[in-house]
Amino acid sequence: MSDVIDGLVDREYAYGFHTDLDTDIAPKGLTEDVVRLISAKKQEPEWLLDWRLGAFRHFLTLDEPAWPNVTYPPIDYQDMHYWAAPKPKGPAPQSLDEVDPEVRAMFDKLGISLAEQERLSGVAVDAIVDSVSVATTFKERLAEAGVIFCSFSEAVREHPDLVRKYLGSVVGPRDNFFAALNSAVFSDGSFCFVPAGVTCPMELSTYFRMNAAETGQFERTLIVAEEGASVSYLEGCTAPMRDENQLHAAVVELVALDDAAIKYSTVQNWYPGDAEGKGGIYNFVTKRGRAGARAKISWTQVETGSAITWKYPSVILQGDGSVGEFYSVAVTANHQQADTGTKMIHIGRDTTSTIVSKGISAGRAQNTYRGLVKMLRSATGARNHTQCDSLLIGSECGAHTFPYVEVRNDTAEVEHEASTTRVNEDQLFYCRQRGLTEEDATSMIVNGFCREVFDELPMEFAVEAQALLRVSLEGSVG
Amino acid sequence: MLRIDGLTASVAGRRILDGLDLEAGAGEIHAIMGPNGAGKSTLSHVLTGREGYEVTGRVTLDGADLLALAPEERAAAGVFLAFQYPVEIPGVGNMYFLRTAVNAVRRARGLDELDAMGFLAEAKAHMARLDIDPAFLSRSVNAGFSGGEKKRNEILQMSMLEPRLAILDETDSGLDIDALRVVADGIERMRGPERTMLVITHYPRLLELVRPDRVHVLQGGRIARSGDHRLAHELEAEGYKPAVASA
């Protein structure tokens with residue numbers, strides 16, 4: 001295997017192009033004026049400006065978290081733009097035909113043809129470039145079912161009561177450093193509301209694209225499933241290749257009322273930086289859901305991109321009998337660093353949670369699983385099962401596991417299994433003897449390792465995830 | 001046909017194969033026997049291109065220089081090894097693995113790839129003959145298989161891949177008599193004019209079910225003695241020492 005794995009050479013990042021869009025951009029820097037400017041640009045109501053300002057003032061009192069198992073030079077929060085938007089050419093588009101052709105061409109290049117999506121795939125897409133939503137497909141058909149799916153800005157305008165009721169109800173504006181920052185300067189994002197008893201008739205999807213340089217992206221997603229409702233939501237992300245690091249600090253809030261189900265799947269492929277570790281996205285994200293009685297929240301993530309990933313999609317199991325799931329594949333290659341995992345907070349009786357985490361490290365990458373399972377005194381009969389597997393490719397990478405378990409109820413059961421393995425020479429030789437190239441063999445073995453997580457992804461995403469995994473590990477052998 | 005001339009193989013300066021010569025014609029089954037440590041498994045590794053050996057000498061299959069090829073290129077040229085210890089690959093479906101292997105080899109030979117339906121039909125026919133449960137295909141490659149199931153899986157792969165040179169490395173070890181019959185049957189069915197087979201074994205009992213055209217005794221890193229199938233019985237009666245002493 002020694003000449004099989006000599007560390008990672010260049011990996012191809014297929015989405016690294018930059019599109020010349022005429023962009024409306026705020027001056028660099030983070031001040032109360034910038035917060036007011038963003039709110040004004042978006043013609044927001046007074047209460048939302050106050051909400052932002054409250055978050056901003058709290059943010060100023062916080063320090064950036066130092067506990068993650070990652071290292072990076074200090075971020076200068078005054079040296080970036082907090083607002084960038086493709087300039088509209090005329091009034092806001094009423095249909096896809098009116099979307100700026102350059103924006104459409106950019107999404108076509110990403111393999112997400114907005115028009116095709118609308119005609120063929122049956123997946124509703126909200127496309128977000130830098131700070132703003134540029135198109136949402138399938139709105140009429142969703143509206144017939146009573147489902148609201150639109151950009152966050154539109155939701156603020158059209159459904160202010162719903163936004164006001166649920167915004168910050170799971171991740172408060174003072175939750176943590178990055179969540180407070182997001183709350184102050186968030187630009188856009190997606191909003192989804194599924195009324196009681198309704199099963200959303202199609203997969204919903206948001207596609208995030210960072211385009212402008214030296215710009216942070218701060219989007220906010222809020223999904224509400226009322227009693228007995230259910231929805232499956234997909235999220236995809238890419239960015240151009242740039243030498244400087246770019247900050248992405250998003251917040252996702254999920255509200256699943258009694259008997260509701262929300263499935264949230266992410267394929268995160270932000271630009272990871274080059275082979276020497278130059279450039280790439282800092283992906284500092286807060287994702288959390290709150291589950292009512294018998295409700296189910298399921299996070300599935302495939303994290304292959306970003307220079308640094310810091311995220312812990314979590315579930316607060318508030319209602320009795322609620323269910324939380326976290327299925328994760330995190331791939332780090334070259335100089336990438338990931339500190340990711342989940343938090344399962346058991347409050348209700350007979351709540352159950354499942355954690356399956358697969359970390360893959362290649363090159364000089366460091367991959368950390370950090371997970372908290374907390375059983376409160378009220379969580380009688382609660383159960384958790386955690387399975388945490390690490391796969392190493394090569395000898396210069398690292399895998400780390402930090403499981404935290406807090407149990408305050410004697411009847412609660414917590415199980416934790418962990419393993420660390422290498423792609424071994426026997427497996428590679430067996431595959432090659434059967435005619436597979438070394439690269440195909442590695443890809444097959446790694447895909448097999450991730451199987452349990454990929455099985456949780458919606459079909460079209462599972463295929464994309466496997467392809468992505470292959471690209472991510474390209475050059476890690478041979 | 002397979003031709004081996006003056007083959008040597010060393011690991012960290014220790015010579016394991018020491019000038020091995022062997023010729024095996026198309027349509028023939030040759031048994032390779034020998035005591036532990038004689039270099040039987042090393043021979044199978046060197047013929048299939050496993051890394052970690054310093055190799056000299058010459059090996060050709062139908063005139064092509066095998067030693068110059070990577071393992072997957074040898075597979076494409078028709079070399080197949082039934083592993084002594086088949087490897088587990090968790091999470092990779094047996095059917096997916098087998099179809100990928102068959103199509104990789106077909107592609108290399110300039111044949112069309114088999115589609116999922118065509119492959120499944122063919123696999124099921126082979127499995128019925130090998131007395132393999134169809135549920136086998138949806139399990140992960142060798143993961144949690146019993147010893148006998150693993151060996152049958154190797155024979156299934158061999159039948160599907162239709163090699164020019166099949167090397168069976170102690171495929172009979174650890175099998176009960178029923179499984180041994182199925183495996184022997186699978187080998188016997190593969191006998192044909194387009195194929196050379198090397199059956200590496202410790203025990204003559206497999207050779208009662210699969211009659212070899214030639215039996216070779218590998219000892220001290222080279223072929224110490226060769227004969228027809230009766231040699232296997234002599235060895236059983238007398239052990240390896242006299243067989244070599246009389247060579």
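As the structure is a computational prediction, the values presented were derived from the model and not from experiment. Here is how names work: the chains are called A, B, and so on, in the same order as the sequence lines, proteins then strands, and each is numbered from 1.
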task: Pick one of side chain, backbone, both or neither for B:Q157, based on which atoms fall under 4.5 Å of a heavy atom in chain A.
output: side chain
statement: Looking only at B:A104, B:S140, B:A76, B:A101, most heavy-atom pairs under 4.5 Å shared with chain A are made by B:A101
message: With a 4.0 Å cut-off on N to O distance, would you call B:D5 and B:R58 a salt bridge?
response: no
message: With a 4.5 angstrom heavy-atom cut-off, is it the side chain or the backbone of B:L81 that approaches chain A, or both, or neither?
response: both
message: At a 4.5 Å cut-off on heavy atoms, which part of B:F97 comes close to chain A: side chain, backbone, both, or neither?
response: both
- prompt: Below 4.0 angstrom, N of the basic side chain to O of the carboxylate: do A:K296 and A:E325 qualify?
  reply: yes
- prompt: Can you say whether A:Y430 sits under 4.5 Å from chain B via the side chain, the backbone, both, or neither, judging by heavy atoms?
  reply: both
field: Proximity of A:Y264 and A:W299 rings by center, below 6.0 Å
entry: yes
query: Considering only heavy atoms, which portion of B:P163 lies under 4.5 Å from any heavy atom of chain A: side chain, backbone, both, or neither?
result: neither
- prompt: Would you call B:R139-B:E149 a salt bridge at under 4.0 Å N-O?
  reply: yes
query: Say you draw a straight line from CE of B:M190 to CD of B:E162; how long is it, rounded to the nearest 0.5 Å?
result: 6.5 Å
message: Let me confirm one number: the CZ-NZ distance from A:R451 to A:K358, rounded to the nearest 0.5 Å.
response: 11.0 Å
query: With a 4.5 angstrom heavy-atom cut-off, which part of B:R50 approaches chain A: side chain, backbone, both or neither?
result: both
query: Parallel, tilted or perpendicular for A:W310 and A:Y312, by the 30°/60° rule?
result: perpendicular
- line: Per-residue tally against chain A (heavy atom, under 4.5 Å) across B:V105, B:T48, B:I89 peaks at B:T48
task: Determine the option with the most heavy-atom pairs under 4.5 angstrom with chain B, choosing from A:M444, A:E452, A:R434.
output: A:R434
- request: Measure A:C431 against the heavy atoms of chain B and call it side chain, backbone, both or neither at under 4.5 Å.
  value: both
query: Top residue by heavy-atom pair count (under 4.5 Å) with chain A, among B:A75, B:G91, B:G93?
result: B:G91
query: Is it true that A:R432 and A:E439 have a side-chain N and a carboxylate O under 4.0 angstrom from each other?
result: no
query: Measuring heavy-atom distances to chain A, does B:V102 have an atom under 4.5 Å in its side chain, in its backbone, in both, or in neither?
result: neither
message: Between A:F454 and A:Y327 (judged by ring centroids, cut-off 6.0 Å), do the two rings come close enough to count as a pair?
response: no
- prompt: What residue in B:V141, B:T100, B:L98 has the most heavy-atom pairs under 4.5 Å with chain A?
  reply: B:T100
